[in-house]
Amino acid sequence: MEAKGWGRGDFPRTLLAWYRSNARDLPWRRPDTSPWEILISEVMLQQTPVNRVLPVYLAWIDRWPTPARLAASPAAEALRAWGRLGYPRRALRLHQAARVIQQRFGGRVPDDVAELRTLPGVGAYTAAAVAAFAYGKRVVVLDTNIRRVVTRLTGTASPSPHPTAADYATVDDLLPSDGRRAARVSLALMELGALICTSSSPRCADCPLRSACRWGGTPTRPRRRPAYRGSDRHARGVILGKLRDAEGIVPYRDLVAAWPDPVQLARAADSLIADGLISRSGGGYRLGPASDVRQISGPAGPLAGPRQPGRRSASAPRGR
DNA sequence: AATTCGTGGGA
DNA sequence: TTCCCAAGAAT
């Protein structure tokens, strides 16, 4: 569907003019940003505000300027550098992605959406974003911002919580034929969604597209999420914080001191182990998956159990 | 297809 | 204080 009152070329021109003078100056938008840096920024920005990503991103690309460099580091280091960005499995997957890029793609971030999609932690949005923003490919980039802006603009709001085929078609119709220009339109739509056409209390008076917008101004009510405080999720966060702030092994008693319910604590720790975010080590816990130890200790380790002193902490929970 | 997965700033 | 929410992905 065409937005009302626009010729086909008018929409990109108006939007890009707005973007040129209103876009934030973000490091991953500099013209010399590498595909690897683009990938890092996109993963970090998943469900995470720009302002929180900025310092972590800068430190990350300084430390690991190539996939090879990250692939050569233990996963625990990636988790530690991730800091408090949230959703730490993203750090783990980005680390895994670096190893896949190194081993299967010769150290180069793929430019093909299907290949990008095979990387851990890279879904439909991130694959499209890297293909478009790093390589200038004409692909539909569909994140929550673009979906919100376009459905409001064209009056085609769909009730589905996930992007539909119709959503893709609607955006595809709005993108110019040139790949690099289309990518810039996608960036501009995202920026418009982030700065003007926000989820709640949008600043319609400042919108460059207001004369063509079909939106009636009816916000959608999201379902409320379960309480965080006191949840297993909260316990996981506390455990991870403790292990992140410690260099090595954290005794179990230190975790008990940080969380009142030992049953819940054990459950949370088990789930973190299952996710590869932490592992049992030397009678306590440490950041990172068990595979980190094999890497650090060298390939000599037999399949038989942990190579640690027989002394086992009495306070450590036994496998259940 | 519906759930689960952090975190902290601002309304 | 409570609640919302910020460039999704995996299962």
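Numbered from 1 within each chain, the chains take letters A, B, ... in sequence-line order.
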Using a 4.0 Å heavy-atom cut-off across all strands, classify A/Trp82 as base, sugar-phosphate, or nothing.
-> nothing
So do A/Ser271 and A/Asp232 actually touch side chain to side chain, heavy atoms under 4.5 Å?
-> no
Under 4.0 Å between any heavy atoms, over every strand shown, what does A/Pro161 touch: base, sugar-phosphate, or nothing? Just pick one.
-> nothing
When rounded to whole Å, the CG to P distance for the pair A/Leu85 and C/dA7 reads 15 Å
With a 4.0 Å cut-off, would you call A/Asp270 and A/Arg236 a salt bridge?
-> no
CG of A/Asp25: more than 12 outside heavy atoms within 6.0 angstrom?
-> no
Whole-angstrom distance between C/dT11 and B/dG6, as gauged at atom P | 14 Å
Going by heavy atoms closer than 4.0 Å, what residues in residues 123-146 of chain A are next to DNA chain B?
-> none
With a 4.0 Å cut-off on heavy atoms, is A/Arg225 in touch with a base, just the backbone sugar-phosphate, or nothing at all?
-> base
Minimum-distance nucleotide (side-chain atoms of A/Leu26 versus C/dC5, C/dA7, B/dC5) = C/dA7
Give the rounded distance in Å between these two atoms: CG of A/Leu240 and P of B/dG8.
-> 12 Å
OH of A/Tyr57 versus P of C/dA7: gap in Å, rounded?
-> 18 Å
Does A/Arg84 reach the side chain of A/Arg244, with side-chain heavy atoms less than 4.5 Å apart?
-> yes
Name the residue closer to the 5' end of DNA chain C, choosing between A/Trp28 and A/Arg117 according to the nucleotide with the nearest heavy atom.
-> A/Trp28
Salt bridge or not for A/Asp178 and A/Arg181, using N-O below 4.0 Å?
-> no
Are A/Arg286 and A/Ser279 linked by a side-chain donor-acceptor pair shorter than 3.5 Å?
-> yes
Check whether any side-chain heavy atom of A/Leu54 sits under 4.5 Å from a side-chain heavy atom of A/Pro27, and report yes or no.
-> yes
Taking the side chain of A/His162 as heavy atoms from C-beta outward, which of B/dA2, B/dG6, B/dC5 is closest to it?
-> B/dA2
Nearest of B/dC5, C/dA7, B/dT7 to any side-chain atom of A/Tyr228?
-> B/dT7
Tell me, do A/Gln46 and A/Val43 make a side-chain contact under 4.5 Å, heavy atoms counted?
-> yes
Any side-chain N or O of A/Arg236 less than 4.0 Å from the OP1 or OP2 oxygen of B/dG6?
-> yes
Of all the nucleotides listed (B/dG6, C/dC5, B/dT7), which has the minimum atom distance to the side chain of A/Ser200?
-> C/dC5
Please indicate whether A/Arg108 has more than 12 foreign heavy atoms, meaning atoms of other residues, nucleotides or ligands, lying under 6.0 Å from its CZ.
-> yes
With a non-hydrogen cut-off below 4.0 angstrom, is A/Arg52 in contact with a base, only sugar-phosphate, or nothing?
-> base
Atom pair distance, as rounded to whole Å: NE2 in A/His234 and P in B/dC5 | 14 Å
Would one find a side-chain N or O of A/Arg229 under 4.0 angstrom from OP1 or OP2 of B/dG8?
-> no
Sole residue of A/Glu42, A/Glu37, A/Glu191 in salt bridge (Lys or Arg N to Asp or Glu O under 4.0 Å) with A/Arg29 = A/Glu191
Near DNA chain B, under 4.0 Å by heavy atom, which residues of residues 32-51 of chain A?
-> A/Gln47, A/Thr48
Check every atom of B/dC5, B/dG6, C/dA7 against the side chain of A/Arg90 and return the nucleotide holding the closest atom.
-> B/dG6
Rounded to whole Å, the CG-P distance (A/Asp232 to B/dT7) equals 14 Å
What interatomic distance, in whole Å, is found between P of B/dA2 and the corresponding atom of C/dA7?
-> 23 Å
